[in-house]
Engineer: 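This structure is in structure tokens; I'll ask about it shortly.
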Amino acid sequence: MKTQLEAAREGIITAQISTVAQNEGLAPELVRTRVAAGEIVILSHPKRPQQEAVGIGMGLRTKVNASIGTSSDICDLALEVRKARIAEEEGADTLMELSAAGDLDAIRRNVLAATRLPAGTVPLYQAFREAALSHRNPGKLDPEQLFEIIERQLADGISFMAIHCGINRWTIERLRKQGYRYGGLVSKGGTFMVAWMDSTGKENPLYEQFDRVCGLMKKYDAVLSLGNGIRAGAIHDSHDRAQVAEMVINCELAELGRNMGCQMMVEGPGHVPLDEIAANILLEKRMSGNAPYYVLGPLPLDSGAGYDHISAAIGAAQSARHGADLICYITPAEHLALPNEEDVRQGIRAARLAVRAGDIAKYPDRRKNEKAAAKARRDMRWTDLHQHLLFPELARELRQSRMPECSETCTMCGDFCAMKQGAAVFGKDIAGDKSCAGLDGRPAEKPSSAVF
């Protein structure tokens with residue numbers, strides 16, 4: 001079986017490329033060219049026919065990932081299945097199943113059965129979990145067991161994996177020589193791999209046997225997402241030598257993986273102040289040959305716990321604006337607790353708002369929906385307006401819960417409605433593209449005169 005990358009390089013427009021092109025409103029040949037160059041990856045899986053192909057990369061809509069999964073404190077399979085369904089319902093594009101407790105194979109398979117979203121994992125979680133159960137010491141992980149788990153998860157239907165190949169002994173030495181960090185290490189898989197290397201004195205097998213990792217991913221045409229196990233967990237650690245060292249290695253590995261015919265993404269950057277986000281994305285794109293960039297957050301401040309979904313949305317909008325391709329959501333529970341169903345909803349909604357804001361800045365020609373929403377709001381065409389909103393049901397509920405005396409206005413302004421007064425003064429002057437045509441192109445009902 002050829003990977004999407006290999007097929008695209010042979011000039012083949014696969015069914016998945018056609019699906020992505022149709023969904024994005026782009027020419028199939030353009031998508032094929034960018035897949036062939038490694039600038040777009042396509043998430044699909046031969047064993048999950050119910051899963052629609054999702055494209056990530058240059059020229060495509062910025063996608064949103066939702067992460068779920070158990071912990072040693074809260075392990076509830078039914079809860080994770082519900083969260084997976086909520087993620088799909090709320091418009092997430094991808095899902096990461098990151099369970100670290102319970103029957104991990106059963107949890108993963110149940111989640112895959114519950115959703116049509118492309119799903120990803122971090123296989124180091126299960127590898128170290130099984131080593132801890134078998135030996136009471138995750139440091140006794142056998143690398144062969146790690147590779148077996150990678151294939152086991154791929155065979156179940158996993159479409160992409162965050163694999164920490166960029167951590168090596170040279171990367172770790174940067175941490176030591178710079179005096180460690182303000183925010184420590186925040187990647188669970190990355191930290192356990194660092195500890196394993198420190199205790200065994202061995203090199204990271206995922207780096208040492210990178211060609212083997214790529215071979216397994218190619219077997220299932222899965223996307224290898226090069227994990228950022230040394231990402232910054234505090235803005236004062238942003239772009240320190242250790243983070244940049246891993247980024248350089250990951251970007252180099254992205255090129256090597258593509259040369260092997262494997263679809264590749266790069267991950268980053270963690271906590272990053274706003275003024276460094278554009279530079280971070282520029283570095284990743286330049287060093288990796290425009291490999292799709294999977295951004296976790298980023299969080300532009302360290303003091304927003306409880307509202308980190310909003311903090312992350314600020315960073316995500318900037319990231320999407322400057323070229324990030326996939327945004328991992330952050331929930332209100334970040335840094336505090338395992339997310340529940342409502343946390344998942346709020347996290348996805350904040351991330352979707354962020355990427356929409358970023359995309360309409362990144363692609364100025366894709367602002368037609370925003371123009372239509374503005375005109376419908378100006379003309380108080382509430383039904384039309386709802387069709388252009390990201391969250392129409394919420395908008396309807398809010399309006400209906402506080403309906404005004406005059407059905408055209410809202411209770412924010414009531415008799416002092418700026419839209420009605422503006423229409424009374426300038427209604428006859430509206431012309432051209434500013435006209436109040438309805439969604440079907442016919443003139444919409446004009447607003448009534450102002451009340452004063």
Engineer: Between Gln4 and Gln263, is any side-chain donor less than 3.5 angstrom from a side-chain acceptor?
Structural biologist: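 Not at all, the side chains of Gln4 and Gln263 share no donor-acceptor pair under 3.5 Å.
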Engineer: Going by an N to O cut-off under 4.0 Å, is there a salt bridge joining Lys202 and Glu208?
Structural biologist: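 No, no charged N to carboxylate O under 4.0 Å.
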Engineer: If you count the non-hydrogen atoms of other residues, nucleotides and ligands that lie under 6.0 Å from CD in Gln50, is the total more than 12?
Structural biologist: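 Counting neighbours around CD of Gln50, more than 12 heavy atoms of other residues, nucleotides or ligands fall under 6.0 Å, so yes.
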Engineer: What residue among Cys165, Ser187, Pro205, Pro138 forms side chain to side chain contact (heavy atoms under 4.5 Å, CB included) with Met193?
Structural biologist: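 Of all the options given, the one that passes is Pro205.
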Engineer: Donor-acceptor check, side chain of Asp325 to backbone of Ile56, threshold 3.5 angstrom: yes or no?
Structural biologist: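 Side chain of Asp325 to backbone of Ile56: no pair is present.
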Engineer: Between His236 (side chain only) and Gly183 (backbone N and O only), is there a donor and an acceptor less than 3.5 Å apart?
Structural biologist: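 The answer is no, because no donor-acceptor pair under 3.5 Å joins these two groups.
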Engineer: For Glu252, does the CD atom have more than 12 heavy-atom neighbours from other residues, nucleotides or ligands under 6.0 Å away?
Structural biologist: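 No, not enclosed.
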Engineer: Please name the pair of heavy atoms, one in Ala312 and one in Leu299, separated by the smallest distance, quoted to 0.1 Å.
Structural biologist: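 Ala312 and Leu299 have their closest heavy atoms at N-CD2, 3.7 Å.
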Engineer: Indicate yes or no for a side-chain donor-acceptor contact from Asn137 to the backbone of Ala131 under 3.5 Å, with no hydrogens or angles considered.
Structural biologist: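 Side chain of Asn137 to backbone of Ala131, a donor-acceptor pair under 3.5 Å: no, none is there.
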Engineer: State, to 0.1 Å, how close Ile17 and Val31 come at their nearest heavy-atom pair, and which atoms those are.
Structural biologist: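 Heavy atoms only, the tightest pair is CG2-CG1, 3.8 Å.
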Engineer: Roughly how far apart are Met96 CE and Ser67 OG, rounded to 0.5 Å?
Structural biologist: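 Answer for the CE-OG pair, Met96 versus Ser67, is 6.0 Å.
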Engineer: Please report the shortest heavy-atom distance between Asn280 and Tyr293, naming the atom on each side.
Structural biologist: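 That would be OD1-OH, 2.6 Å.
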Engineer: Which residues pass the salt bridge (Lys or Arg N to Asp or Glu O under 4.0 Å) test with Asp302, sequence neighbours left out?
Structural biologist: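 Not a single residue meets the salt bridge (Lys or Arg N to Asp or Glu O under 4.0 Å) criterion with Asp302.
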Engineer: Just by modelled atom types, is the Ile167 backbone N or O under 3.5 Å from a matching donor or acceptor in the Asn204 side chain?
Structural biologist: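 Yes; at least one donor-acceptor contact below 3.5 Å.
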Engineer: Can Asn228 and Glu246 be counted as having a side-chain donor-acceptor contact under 3.5 angstrom?
Structural biologist: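 Per modelled atom types, Asn228 and Glu246 side chains form no pair under 3.5 Å.
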Engineer: Is Glu24 salt-bridged to Lys63, going by a charged N under 4.0 Å from an acidic O?
Structural biologist: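 Answer for the salt bridge query: yes.
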Engineer: Measuring from Cys328:SG to Ile330:CD1, what's the distance to the nearest 0.5 Å?
Structural biologist: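 Between Cys328 SG and Ile330 CD1, I get 6.0 Å after rounding to 0.5 Å.
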Engineer: Is it true that atom CD of Glu370 has more than 12 heavy atoms of other residues, nucleotides or ligands lying nearer than 6.0 Å?
Structural biologist: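 Buried by this count: over 12 neighbours within 6.0 Å.
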Engineer: Are there over 12 heavy-atom neighbours, none belonging to Tyr207, within less than 6.0 Å of that residue's OH?
Structural biologist: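 Counting other residues, nucleotides and ligands, OH of Tyr207 stays at 12 neighbours or fewer.
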Engineer: Hey, does Tyr329 have a side-chain heavy atom less than 4.5 Å from the side chain of Val344?
Structural biologist: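 Answer yes - side chains close enough.
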Engineer: Run through Thr70, Leu98, Ile74, Asn110 and flag the one making a side chain to side chain contact (heavy atoms under 4.5 Å, CB included) with Glu80.
Structural biologist: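 So, applying the side chain to side chain contact (heavy atoms under 4.5 Å, CB included) to Glu80 and each of Thr70, Leu98, Ile74, Asn110, only Thr70 qualifies.
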Engineer: Is it true that a side-chain atom of Arg9 and a backbone atom of Ala36 form a donor plus acceptor pair closer than 3.5 Å?
Structural biologist: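 Flag set: sc Arg9 to bb Ala36 pair under 3.5 Å.
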Engineer: Any donor and acceptor pair, going by atom type alone, linking the side chain of Glu151 with main-chain N or O of Leu216 inside 3.5 Å?
Structural biologist: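 Judged by distance alone, no pair lies under 3.5 Å.
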Engineer: So, Glu88 and Arg85, do they make that salt bridge, N to O below 4.0 Å?
Structural biologist: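 Arg85 and Glu88: not salt-bridged.
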Engineer: Heavy-atom count check: over 12 atoms from other residues, nucleotides or ligands less than 6.0 Å from Gln22 CD?
Structural biologist: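 Check fails, neighbour count at 12 or below.
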Engineer: Hey, is CZ on Phe391 packed in by over 12 heavy atoms from elsewhere, all under 6.0 Å?
Structural biologist: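 Yes, CZ of Phe391 has more than 12 neighbouring heavy atoms, counting only those of other groups under 6.0 Å.
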Engineer: What's the shortest heavy-atom distance between Ser18 and Ile13, and which atoms?
Structural biologist: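 Result for this residue pair: OG-CG2, 3.4 Å.
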Engineer: Examine distances only and state if a side-chain atom of Glu39 and a backbone atom of Met58 form a donor-acceptor pair shorter than 3.5 Å.
Structural biologist: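 The answer is no, because no donor-acceptor pair under 3.5 Å joins these two groups.
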Engineer: Taking Gly189's backbone N and O only, do any of them form a donor-acceptor pair with Tyr125's side chain (distance below 3.5 Å, no angle check)?
Structural biologist: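 Side chain of Tyr125 to backbone of Gly189: no pair is present.
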Engineer: Answer yes when Asp76 and Lys83 have at least one side-chain N-carboxylate O distance shorter than 4.0 Å, and no when they do not.
Structural biologist: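 No, no charged N to carboxylate O under 4.0 Å.
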Engineer: Measuring from atom CG of Asp105 to atom CG of Asp156, what distance do you get when rounded to the nearest 0.5 angstrom?
Structural biologist: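 Taking CG in Asp105 and CG in Asp156, the distance rounds to 6.5 Å.
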Engineer: Cut-off 3.5 Å, side chains only: do Thr14 and Lys2 have a donor facing an acceptor?
Structural biologist: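 No - no donor-acceptor pair under 3.5 Å links their side chains.
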Engineer: Any carboxylate oxygen within less than 4.0 angstrom of a Lys/Arg side-chain nitrogen, looking at Arg169 and Glu203?
Structural biologist: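 Salt bridge flag = no for Glu203 with Arg169.
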Engineer: Is the CE atom of Met412 crowded by more than 12 outside heavy atoms at less than 6.0 Å?
Structural biologist: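 Atom CE in Met412 is not packed in, count stays at 12 or less.
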Engineer: Counting neighbours of CZ on Arg116 that are heavy atoms of other residues, nucleotides or ligands and sit closer than 6.0 Å, is the number greater than 12?
Structural biologist: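 Count not over threshold, so no.
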Engineer: Going through the checks in order, is the salt bridge (charged side-chain N to carboxylate O under 4.0 Å, His left out) test met by Arg349 and Glu90?
Structural biologist: CA-CA 7 Å; Arg349 290 178 181 186; Glu90 288 293 336; 2.9 Å; yes
Engineer: May I ask you to decide if the ring planes of His386 and Trp382 are parallel, tilted or perpendicular, using 30° and 60° as cut-offs?
Structural biologist: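 Rings of His386 and Trp382: tilted, as their planes differ by 30° to 60°.
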Engineer: Between Arg152 and Glu148, does at least one N-O distance fall below 4.0 Å, as a salt bridge requires?
Structural biologist: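 Looking at Glu148 together with Arg152, the answer is yes, because their closest N to O distance falls below 4.0 Å.
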Engineer: Show the numbers, then the answer: is there a salt bridge (charged side-chain N to carboxylate O under 4.0 Å, His left out) between Arg258 and Glu255?
Structural biologist: CA-CA 5 Å; Arg258 285 197 302 263; Glu255 182 178 50; 5.3 Å; no
Engineer: Any chance you could measure Leu389, atom CG, to Arg377, atom CZ, to the nearest 0.5 Å?
Structural biologist: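 It comes to 6.5 Å.
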Engineer: Is the side chain of Asp343 donor-acceptor paired with the backbone N or O of Asn340 at a distance under 3.5 Å, no angle test?
Structural biologist: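 Pair found, side chain donor or acceptor close to backbone of Asn340.
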Engineer: In terms of side-chain geometry, is the basic nitrogen of Asp359 or Arg356 positioned less than 4.0 Å from the acidic oxygen of its partner?
Structural biologist: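 Answer for the salt bridge query: no.
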Engineer: Report yes or no: does Thr171 contribute a side-chain atom to a donor-acceptor pair with the main-chain N or O of Gly166 at less than 3.5 Å?
Structural biologist: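 The answer is yes, because a donor-acceptor pair under 3.5 Å joins these two groups.
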Engineer: Quick check: closest heavy atoms across Pro292 and Glu284, and the distance to 0.1 Å?
Structural biologist: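 Nearest pair, atom of Pro292 first, then Glu284: O-OE2, 3.8 Å.
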Engineer: Ion pair present between Arg231 and Glu267, side-chain N to carboxylate O less than 4.0 angstrom?
Structural biologist: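 Salt bridge absent between Arg231 and Glu267.
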